[in-house]
Trainee: 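Sharing a structure below in structure tokens format, with a few things to ask.
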Amino acid sequence: MNEQTHILIIDDEKNYLLVLEALLLDAGYSVTALNDPESALTFLEDSEVDVVVTDMKMPKITGRDVLEHVHKNYPHIPVLIMTAFGSIESAVEVMRFGAFDYITKPFSNDELLLALQNASALSRAHRRYRLLHENLEERYSVHQIIGKSKGIRAVLGLVDRAAPSKSSVLISGESGTGKELVARAIHFASPRKDGPFISVNCMAFNAGVLESELFGHEKGSFTGAVAMRRGRFELADGGTLFLDEIGELSHDMQVKLLRVLQERKFERVGGTEEIEVDIRIVTATNKDLAKEVEEGRFREDLFYRLNVVHITIPPLRERREDIPLLVAHFTDKLARENGLTPKTFTTEALDVLCGYEWPGNIRQLENTVERCMVMVPGDRIDVQDLSPEIRDEETQLKSAVDLLPVELNLADTMDKLEAALVRRALARADFVQVKAAELLGISKSLLQYKLRKYGITGH
């Protein structure tokens, strides 16, 4: 028994109340005993109560009234009903209205203590669930999407506007940009936040397995189906289903997904019963789905079903001013979660990080910060502590060139490289144009020309 369990007892018979209070205090519970049901309901508003024990027959406010009030306003609190007028009918009635248990006066001390032990266990389970859910909600709230850049502010604005609706959301962006984090932020900012968030990577399964993963299967529907299994659509009922890498779906799976989106019902593999679900669909892709539609690889009707709200996450190289904020966030997070010594990156090291192209985006940056936190012995991380491909400019250039397609237009490619160098210089110069021009070895007027040419914001 947990001595922190707080029991609220409500009974209009003062002598009986005193006996119960003494019994429960002796058993190690924290107890509040009230003989006025009205004051008890007020007490619940301002106090942490784990279990309510109430008499059934009381003047003005009955035990059933208390039960209905608690069940409506504090559904996580178990209610134990006690009465001297027990009958099967009244027991069934209070259980139907949500009572945890029902005991008839006179009852033995052991009977009451056993019922309270079970109610306390349920209350602790509810409390752990609420704490876990609150932690998840905070972890995946919009406040955990780090950045002050124009691009990330636009993403946050779309999340705020999209979250309250039921509309499907398509999130696009390169690998490692944080698409699932945005999907979770939408879920936890929505009215569905108390429902499940179910995530599926469509690229992780072949077509046959993916169908079973999404829709479930009946026992014996295929070799190895030894029992009925619910799919992700059923598990997400009342919440959000996140389908990552949606551009990898086969044509057959696109057809089946479209049917579910249109009818909000489906059948398990090998089944005949139609199952209705209430879910919100959020999808993500690193492909240009509009181009996939043009080239016949993705169904146009499905694309429009998914693309009601479109959120594009910019790559890290286009939001370089966010890199110092992300580095600070990751160093603090890793230190707290792994018991590591807090460390700071020097200004010079941050300059190098801001200048790197980050082909792996935020995921690569977090891995880089983690490696430095683990491997660097001191409390300061300097340029020499960074991996060679990040700190060495020649290696950076070779890495960038290797990422380019074999067939390319030289003039267009040179323009893109020049624009990237200008952006890097601006970030390193903290967006002071004179300093950026010095880093590039050009005049300020030439820098301003290139800013206009490439449409780069110079601040």
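Hydrogens, waters and symmetry mates are skipped; everything else that's a heavy atom, side chains included, is used.
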Trainee: For residues Ala163 and Ser190, report the shortest heavy-atom separation together with the two atoms involved.
Mentor: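 Looking at all heavy atoms of both residues, the shortest contact is O-CB, 3.1 Å.
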Trainee: Output yes when a side-chain donor or acceptor of Glu211 lies under 3.5 Å from a complementary backbone atom of His217, and no otherwise.
Mentor: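 Side chain of Glu211 to backbone of His217: no pair is present.
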Trainee: Between CZ of Arg64 and CD1 of Ile81, what distance do you get to the nearest 0.5 Å?
Mentor: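 It is 10.5 Å, given to the nearest 0.5 Å.
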Trainee: Does Gly195 offer a backbone N or O that forms a donor-acceptor pair with the side chain of His187 under 3.5 Å?
Mentor: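 Yes, the answer is positive, given that a donor and an acceptor are paired below the 3.5 Å cut-off.
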Trainee: Is any side-chain heavy atom of Cys354 closer than 4.5 Å to one of Pro324?
Mentor: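 With C-beta onward as the side chain, the pair touches.
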Trainee: So how far is it from Ile61 CD1 to Glu68 CD, rounded to the nearest 0.5 Å?
Mentor: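 Taking CD1 in Ile61 and CD in Glu68, the distance rounds to 12.0 Å.
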Trainee: Give the minimum heavy-atom separation between Asp382 and Thr346, together with the two atoms involved.
Mentor: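 Between these two residues, the closest heavy atoms are OD1-OG1, 2.9 Å.
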Trainee: May I ask you to test the Val182-Leu158 pair for a side-chain heavy-atom distance under 4.5 Å?
Mentor: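 The answer is no, as the side chains (C-beta and beyond) never meet within the 4.5 Å cut-off.
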Trainee: Side-chain donor-acceptor pair under 3.5 Å between Arg280 and Ser165, yes or no?
Mentor: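 A donor-acceptor contact under 3.5 Å links the two side chains.
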Trainee: Does anything in residues 145-157 form a side-chain hydrogen bond (donor to acceptor under 3.5 Å, both in side chains)? List the pairs, not counting sequence neighbours.
Mentor: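 Qualifying pairs: Ser149-Asp322.
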Trainee: Are Leu44 and Val70 packed together at the side-chain level, in the sense that at least one heavy-atom pair is separated by less than 4.5 angstrom?
Mentor: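 Contact flag for Leu44/Val70 side chains = yes.
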Trainee: Mind checking the CG-CG spacing from Leu34 to Leu17? Nearest 0.5 Å is all I need.
Mentor: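 Nearest 0.5 Å value for the CG-CG distance: 7.5 Å.
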Trainee: Side chain of Asp101, backbone of Leu80: donor and acceptor closer than 3.5 Å?
Mentor: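 The answer is no, because no donor-acceptor pair under 3.5 Å joins these two groups.
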Trainee: Working to the nearest 0.5 angstrom, can you tell me the gap between Asp12 CG and Asn35 CG?
Mentor: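 So the gap between those two atoms works out to 7.5 Å.
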Trainee: Roughly how far apart are Phe431 CZ and Arg320 CZ, rounded to 0.5 Å?
Mentor: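 Taking CZ in Phe431 and CZ in Arg320, the distance rounds to 9.0 Å.
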Trainee: When you measure from the side chain of Asn307 to the backbone N and O of Phe303, does any donor-acceptor pair fall under 3.5 Å?
Mentor: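 Such a contact is absent between Asn307 side chain and Phe303 backbone.
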Trainee: Locate the shortest heavy-atom distance separating Arg232 from Ser199; write the atom from each residue and the value.
Mentor: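 Minimum heavy-atom separation between Arg232 and Ser199: NH1-O, 2.9 Å.
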Trainee: If you look at every heavy atom in Phe100 and Pro78, which pair is closest and at what distance?
Mentor: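 Looks like CB-CB, 3.9 Å.
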Trainee: Checking Asp65 side chain against Thr62 main chain: does a donor-acceptor pair fall under 3.5 Å?
Mentor: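 Yes.
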Trainee: Of Glu218, Glu213, Glu234, which is the lone residue that meets salt bridge (charged side-chain N to carboxylate O under 4.0 Å, His left out) with Arg229?
Mentor: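 Considering Glu218, Glu213, Glu234, a salt bridge (charged side-chain N to carboxylate O under 4.0 Å, His left out) with Arg229 is found only for Glu213.
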Trainee: Determine whether Asp332 and Arg336 satisfy the following criterion, salt bridge (charged side-chain N to carboxylate O under 4.0 Å, His left out), listing intermediate values before the conclusion.
Mentor: CA-CA 6 Å; Asp332 178 65; Arg336 284 186 289 103; 3.0 Å; yes
Trainee: Does CZ in Arg371 sit with more than 12 non-hydrogen atoms of other residues, nucleotides or ligands closer than 6.0 Å?
Mentor: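 Atom CZ in Arg371 is crowded, with more than 12 foreign heavy atoms closer than 6.0 Å.
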Trainee: Could you please spell out the steps behind the side chain to side chain contact (heavy atoms under 4.5 Å, CB included) verdict for Val282 and Ser168?
Mentor: CA-CA 6 Å; Val282 178; Ser168 299; over 6 Å; no
Trainee: Using the side-chain contact (heavy atoms from CB on, under 4.5 Å) rule, pick out the option among Val66, Val49, Ile77 that qualifies with Leu8.
Mentor: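 One option only clears the test, and that one is Val49.
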Trainee: Suppose we screen for ring pair (Phe, Tyr, Trp, His ring centres under 6.0 Å). Which residues come up paired with Phe242, at least two apart in sequence or across chains?
Mentor: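 Expected list: none.
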Trainee: Does a donor on one side chain sit under 3.5 Å from an acceptor on the other, for Asn286 and Ser175?
Mentor: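 Checked: Asn286/Ser175 side chains pair up, N/O donor to acceptor below 3.5 Å.
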Trainee: What's the shortest heavy-atom distance between Gly271 and Glu267, and which atoms?
Mentor: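 In terms of heavy atoms, the two residues are closest at O-OE1, 3.4 Å.
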Trainee: Using the six-membered ring wherever Trp is involved, compare the ring planes of Phe215 and Phe266 and label them parallel, tilted or perpendicular (cut-offs 30° and 60°).
Mentor: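 If you compare the ring of Phe215 with that of Phe266, the planes turn out tilted.
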Trainee: Decide yes or no on side chain to side chain contact (heavy atoms under 4.5 Å, CB included) for Phe298 and Glu248, but give the supporting numbers first.
Mentor: CA-CA 9 Å; Phe298 201 86; Glu248 303 299 328; over 6 Å; no
Trainee: Taking atom types as modelled, is there a side-chain donor on His69 or Asn73 under 3.5 Å from an acceptor on the other?
Mentor: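 Checked: His69/Asn73 side chains pair up, N/O donor to acceptor below 3.5 Å.
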Trainee: Would you indicate whether Tyr304, at its atom OH, is surrounded by more than 12 heavy atoms from other residues, nucleotides or ligands within a distance under 6.0 Å?
Mentor: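 Incorrect, the count does not exceed 12.
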Trainee: Is any side-chain heavy atom of Leu306 less than 4.5 Å from a side-chain heavy atom of Val308?
Mentor: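 Answer no - side chains too far apart.
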Trainee: Between Thr331 (side chain only) and Val327 (backbone N and O only), is there a donor and an acceptor less than 3.5 Å apart?
Mentor: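 It does hold such a pair.
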Trainee: Can you tell me if Arg297 has over 12 outside heavy atoms packed within less than 6.0 Å of its CZ?
Mentor: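 Atom CZ in Arg297 is crowded, with more than 12 foreign heavy atoms closer than 6.0 Å.
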Trainee: Side chains of Arg423 and Arg317: does their closest heavy-atom pair fall under 4.5 Å?
Mentor: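 Arg423 does not reach Arg317 side chain to side chain.
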Trainee: Between Ile10 and Ala40, what is the shortest heavy-atom contact and its length?
Mentor: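 Scanning both residues completely, I find the closest heavy atoms to be CD1-CB, 3.5 Å.
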Trainee: Is any side-chain heavy atom of Val31 closer than 4.5 Å to one of Leu20?
Mentor: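 In short, these two side chains do not touch, never coming nearer than 4.5 Å.
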Trainee: State whether the side chain of Arg192 and the backbone N or O of Gly239 hold a donor-acceptor pair below 3.5 Å, judged by distance alone.
Mentor: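 Pair found, side chain donor or acceptor close to backbone of Gly239.
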Trainee: Between Thr177 and Asn361, is there a side-chain donor-acceptor contact under 3.5 Å, judged purely by atom types and distance?
Mentor: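 On atom types as modelled, these side chains do not qualify, holding no pair under 3.5 Å.
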Trainee: Just by modelled atom types, is the Arg363 backbone N or O under 3.5 Å from a matching donor or acceptor in the Trp358 side chain?
Mentor: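 No; zero donor-acceptor contacts below 3.5 Å.
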Trainee: Any sub-3.5 Å donor-acceptor pair from Asp288's side-chain atoms to Lys291's backbone N or O?
Mentor: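 Judged by distance alone, yes, a pair lies under 3.5 Å.
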Trainee: Could you go step by step and tell me if Ser212 and Phe222 meet the side chain to side chain contact (heavy atoms under 4.5 Å, CB included) rule?
Mentor: CA-CA 10 Å; Ser212 176; Phe222 54 84; 4.1 Å; yes
Trainee: Looking at His6 versus Tyr29, is the centre-to-centre ring distance below 6.0 Å?
Mentor: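 No, the ring centres sit 6.0 Å or more apart.
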Trainee: Taking the side chain as every heavy atom from C-beta outward, state whether Leu116 and Leu24 have any atom pair closer than 4.5 Å.
Mentor: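 Side chain of Leu116 against side chain of Leu24, heavy atoms only: contact under 4.5 Å found.
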Trainee: Taking the side chain as every heavy atom from C-beta outward, state whether Lys179 and Ile313 have any atom pair closer than 4.5 Å.
Mentor: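 Side chain of Lys179 against side chain of Ile313, heavy atoms only: contact under 4.5 Å found.
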Trainee: Please report the interatomic distance CG(Asp110) to CD(Gln117), rounded to the nearest 0.5 Å.
Mentor: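 Nearest 0.5 Å value for the CG-CD distance: 10.5 Å.
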Trainee: Working note: Arg319 + Ile362, criterion side chain to side chain contact (heavy atoms under 4.5 Å, CB included); need CA distance, chi angles, decisive distance, verdict.
Mentor: CA-CA 11 Å; Arg319 42 178 295 215; Ile362 295 175; 3.3 Å; yes
Trainee: Is it the case that the side chains of His76 and Ser123 hold a donor-acceptor pair, with the cut-off being a distance below 3.5 Å and no angle test?
Mentor: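 There is no such pair (donor and acceptor under 3.5 Å, judged by atom type) between the side chains of Ser123 and His76.
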Trainee: Using atom types as modelled and distance alone, determine if a side-chain donor or acceptor of Thr42 lies under 3.5 Å from a backbone N or O of Glu38.
Mentor: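 Yes, Thr42 side chain to Glu38 backbone: donor-acceptor pair under 3.5 Å.
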